[in-house]
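Below is one structure, written out as structure tokens; the observations come after it.
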Number of protein chains: 2
Amino acid sequence: MSIRLPVIGQPRLDLEAPDVTEATAAAALLADRTRAAILRMLGDGPHCVCEMAAALGERENNVSNHLARLREAGLVRAVRHETNARFQYYERDEAAVAAARRALQGVLR
Amino acid sequence: MSIRLPVIGQPRLDLEAPDVTEATAAAALLADRTRAAILRMLGDGPHCVCEMAAALGERENNVSNHLARLREAGLVRAVRHETNARFQYYERDEAAVAAARRALQGVLR
DNA sequence: CCGATATCTCACGTTCCGCTGATATGTTGG
DNA sequence: CCAACATATCAGCGGAACGTGAGATATCGG
């Protein structure tokens with residue numbers, strides 16, 4: 001059960017820092033309860049702001065704020081409802097979500 | 001290319017909030033550049049604090065601070081070097097890392 | 001034993017982030 | 001047309017997080 005430690009007495013200096021910019025950007029978006037829940041709920045299909053706000057017990061402007069963050073990151077898109085244009089329905093951009101998932105897996109793999 | 005929007009004019013009220021506590025906890029740890037790079041570097045094997053600090057261009061007490069966060073979360077373990085006990089070698093807890101990966105995938109899946 | 005090394009801990013200051021409240025825009029229904 | 005609704009935007013506030021500096025502990029080399 002013991003790990004294999006280097007036998008050298010001196011630390012390695014050839015170790016180079018990995019590029020984790022994409023992963024940290026994705027993680028920062030997922031680090032908030034509201035945004036993470038939004039992304040999870042949108043995984044089952046599109047939802048409007050008031051639906052998700054009610055489910056989360058959050059104010060609608062707050063949810064709208066978080067959706068703006070996700071939209072700027074390219075993870076979600078907004079589409080007006082066809083018959084009732086008051087509702088903004090949000091859907092995930094599955095390609096962007098997959099890229100975020102790969103970036104996170106690149107760190108935890 | 002158009003999404004399938006609900007035909008109903010009223011939003012669904014039966015939508016329930018998913019549990020994302022594990023995912024947000026994991027994401028909060030990955031949201032920092034230093035911690036994410038540490039987890040990535042430890043994926044290739046154990047390293048001591050000074051190695052990673054040098055690779056990242058960060059101070060050793062700062063790296064030690066982030067390692068303490070990861071240790072409290074159970075993602076890494078500390079082991080003293082056998083022949084040179086000055087060095088604290090850190091290794092990943094692969095079971096905990098896998099759990100964090102699954103929690104994040106549960107949101108982005 | 002003593003100085004250098006490696007790591008840890010923590011208080012402090014600055015910065016960042018999320019929530020709130022107010023306001024604005026657009027839409028539907030009556 | 002007007003009131004209610006759905007959403008968006010933003011300044012401001014309070015709290016959390018990050019890096020720093022100082023100090024402590026422990027170990028190795030000479």
Side-chain angles (χ1 to χ4, degrees), chain A residues 5-13 15 20 24-25 27-38 42 46-73 76-91, chain B residues 5-13 15 20 24-38 46-73 76-91:
Chain A
L5 293 177
V7 191
I8 53 175
Q10 293 302 319
R12 300 172 49 192
L13 295 181
L15 184 62
V20 291
T24 53
L29 290 171
L30 285 174
D32 180 78
R33 171 209 172 247
T34 303
R35 284 194 301 266
I38 286 173
L42 292 183
H47 291 291
C48 63
V49 178
C50 59
E51 279 178 3
M52 296 186 283
L56 294 171
E58 297 284 340
R59 301 200 170 187
E60 295 171 356
N61 61 348
N62 191 19
V63 172
S64 181
N65 257 321
H66 287 295
L67 282 166
R69 298 271 308 268
L70 296 172
R71 202 185 334 129
E72 290 162 12
V76 303
R77 275 187 296 262
V79 179
R80 290 246 168 237
H81 190 102
E82 306 159 346
T83 64
N84 198 341
R86 268 191 299 198
F87 298 97
Q88 273 279 26
Y89 274 76
Y90 280 87
E91 62 168 348
Chain B
L5 293 177
V7 191
I8 54 176
Q10 293 302 319
R12 300 171 48 191
L13 295 181
L15 183 62
V20 291
T24 52
L29 290 172
L30 285 173
D32 180 79
R33 171 209 170 245
T34 303
R35 284 193 301 267
I38 287 174
H47 292 289
C48 62
V49 179
C50 60
E51 280 177 5
M52 295 186 284
L56 294 171
E58 297 284 339
R59 303 201 170 187
E60 296 172 355
N61 61 350
N62 190 20
V63 172
S64 181
N65 258 323
H66 287 295
L67 281 166
R69 299 270 308 266
L70 295 172
R71 203 184 333 130
E72 291 163 11
V76 302
R77 274 187 297 263
V79 180
R80 290 249 168 232
H81 190 101
E82 305 159 347
T83 64
N84 199 341
R86 270 191 298 195
F87 297 97
Q88 273 279 29
Y89 274 76
Y90 280 87
E91 63 167 344

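Chain identifiers are assigned alphabetically (A, B, ...) following the order of the sequence lines, protein sequences preceding nucleic acid strands; residue numbering begins at 1 within each chain.
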Interface polar pairs with nucleotides 26-30 of chain C, N/O, under 3.5 angstrom:
| residue | atom | partner | partner atom | Å |
| --- | --- | --- | --- | --- |
| C/dT28 | OP1 | A/Ala85 | N | 2.9 |

Protein-nucleotides 16-23 of chain C N/O pairs closer than 3.5 Å?
| residue | atom | partner | partner atom | Å |
| --- | --- | --- | --- | --- |
| C/dG18 | OP1 | A/Arg35 | NH1 | 3.2 |
| C/dG18 | OP1 | A/Arg35 | NH2 | 2.6 |
| C/dG18 | OP2 | A/Arg69 | NH1 | 2.6 |
| C/dC19 | OP2 | A/Asn62 | OD1 | 3.0 |
| C/dC19 | OP2 | A/Asn62 | ND2 | 3.2 |
| C/dC19 | OP2 | A/His66 | NE2 | 2.5 |
| C/dC19 | O5' | A/Asn62 | ND2 | 3.4 |
| C/dG21 | OP2 | A/Arg59 | NH1 | 2.7 |
| C/dG21 | OP2 | A/Arg59 | NH2 | 2.9 |
| C/dG21 | N7 | A/Asn61 | ND2 | 3.3 |
| C/dG21 | O6 | A/Asn61 | ND2 | 3.0 |
| C/dA22 | N6 | A/Asn61 | ND2 | 3.3 |

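Put simply, the residue from B/Glu51, B/His81, B/Glu82 that forms a side chain to side chain contact (heavy atoms under 4.5 Å, CB included) with B/Phe87 is B/His81.
Between B/Val49 and B/Ser64 the shortest heavy-atom distance is CG1-N, 4.3 Å. Scanning all heavy atoms of the two residues, the minimum distance from B/Arg80 to B/Ala85 falls at NH1-O, 2.9 Å.
Straight-line distance from the CG atom of B/Leu67 to the P atom of C/dT9: 11 Å, rounded to whole Å. Residue B/Glu60 contributes atom CD, which lies 14 Å from atom C1' of D/dT20 at whole-angstrom precision. Nucleotide C/dC8 holds its P atom 13 Å from the CZ atom of B/Phe87, rounded to whole Å. B/Leu70 places its CG atom 10 Å from the P atom of D/dC18, with the value rounded to the nearest Å.
Between B/Ser64 and C/dC8, a side-chain N or O to OP1/OP2 separation shorter than 4.0 Å is present. Neither OP1 nor OP2 of C/dA6 sits under 4.0 Å from any side-chain N or O of B/Tyr90.
The OH atom of B/Tyr89 sits 8.5 Å away from atom CG of B/Asn84, with the distance rounded to the nearest 0.5 Å.
Residue pairs meeting the salt bridge (Lys or Arg N to Asp or Glu O under 4.0 Å) criterion with at least one partner in residues 53-63 of chain B, sequence neighbours excluded, are B/Arg33-B/Glu58.
In this structure, the side-chain contact (heavy atoms from CB on, under 4.5 Å) partners of A/Asp32, at least two apart in sequence or on a different chain, are A/Thr34, A/Arg35, A/His66. Legend: residues meeting side chain to side chain donor-acceptor pair (under 3.5 Å) with A/Arg71, ordered by chain and number and at least two apart, are A/Tyr90.
With A/Arg77 contributing its side chain and A/Glu91 its backbone, the two residues share no donor-acceptor pair below 3.5 Å.
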Intermediate values then yes/no, side-chain contact (heavy atoms from CB on, under 4.5 Å), A/Met52 and A/Leu67: CA-CA 11 Å; A/Met52 296 186 283; A/Leu67 282 166; 3.9 Å; yes
B/Leu56/B/Ile38 under side-chain contact (heavy atoms from CB on, under 4.5 Å): CA gap, chis, key distance, verdict: CA-CA 9 Å; B/Leu56 294 171; B/Ile38 287 174; 4.2 Å; yes
side-chain contact (heavy atoms from CB on, under 4.5 Å) between A/Leu30 and B/Thr24, worked out: CA-CA 6 Å; A/Leu30 285 174; B/Thr24 52; over 6 Å; no
Secondary structure string for DNA chain D (Watson-Crick or G-U under 3.5 angstrom, | for other-strand pairs): ||||||||||||||||||||||||||||||
